[in-house]
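Only one structure is covered here, and it is reproduced in the block below.
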Amino acid sequence: MSDDETHDIHLQELRRGTVVLACLRLLAEPGYGYGLLEALQSRGFDTDANTLYPLLRRLEKQGHLTSEWNTDEARPRKFYRASPAGTALATAMTAEFRSIAAAIEQLPEGA
């Protein structure tokens, strides 16, 4: 495995948890999958649909999201929103993220 491949794998692992947090925070207001994907990408979270939709289903199954279908338009869309449990998780994850970021800032930069 090349250094670039190893680098990419580690960056992907680092980003994985932040996408969960970003989704929960963005879904404080109702949103549908494709709109959420665009919102994530515009904010620097490089996510694809093959990652996002299973994540949304998993968060809903865990009780962190609620969903409902909007059939008012020609094409029905499933809208998601953070549940109270999801909002609490986002708050806890945000605090932990900030704590970790502060701890990392205290570490030496390295070579």
Quick one: do the Thr94 and Arg25 side chains pair a donor with an acceptor below 3.5 Å? yes
For the [atom1] atom of [X] and the [atom2] atom of [Y], what is their distance to the nearest 0.5 Å?
{"X": "Ser67", "Y": "Leu27", "atom1": "OG", "atom2": "CG", "answer": "11.0 Å"}
{"X": "Leu37", "Y": "Gln41", "atom1": "CG", "atom2": "CD", "answer": "4.0 Å"}
{"X": "Arg75", "Y": "Asn70", "atom1": "CZ", "atom2": "CG", "answer": "12.5 Å"}

Would you kindly confirm whether Met93 and Phe97 end up in one hydrophobic cluster when ILVMFWY residues are joined by side chain heavy atoms under 4.5 Å apart? yes
Would a hydrophobic clustering, with Ile, Leu, Val, Met, Phe, Trp and Tyr connected at side-chain separations under 4.5 Å, put Val20 with Ile100? no
Could you check if a side-chain atom of [X] sits within less than 4.5 angstrom of a side-chain atom of [Y], using non-hydrogen atoms only?
{"X": "Thr66", "Y": "Tyr80", "answer": "no"}
{"X": "Leu55", "Y": "Cys23", "answer": "yes"}
{"X": "Leu56", "Y": "Leu36", "answer": "yes"}
{"X": "Tyr34", "Y": "Tyr53", "answer": "yes"}
{"X": "Arg81", "Y": "Phe79", "answer": "no"}
{"X": "Gln12", "Y": "Arg16", "answer": "yes"}
{"X": "Leu21", "Y": "Leu89", "answer": "no"}

Please name all residues satisfying salt bridge (Lys or Arg N to Asp or Glu O under 4.0 Å) with Glu29, sequence neighbours left out, ordered by chain then number. none
Taking salt bridge (charged side-chain N to carboxylate O under 4.0 Å, His left out) as the cut-off, I'd like each qualifying pair that reaches into residues 37-52, sequence neighbours left out, listed once. none
Salt bridge (charged side-chain N to carboxylate O under 4.0 Å, His left out) partners of residues 92-101, not counting sequence neighbours, each pair once: none
Grab the two heavy atoms, one from [X] and one from [Y], that are nearest each other, plus how far apart they are.
{"X": "Leu52", "Y": "Gly33", "result": "CD2-O, 3.5 Å"}
{"X": "Pro76", "Y": "Thr71", "result": "CB-CG2, 4.1 Å"}
{"X": "Ala49", "Y": "Pro54", "result": "O-CD, 3.9 Å"}
{"X": "Ser83", "Y": "Gly63", "result": "OG-O, 2.6 Å"}

Lys/Arg-Asp/Glu bridge criterion (N-O < 4.0 Å) met for Glu60, Lys78: yes
Inspect the surroundings of CD in Gln62 and state if more than 12 heavy atoms from other residues, nucleotides or ligands are less than 6.0 Å away. yes
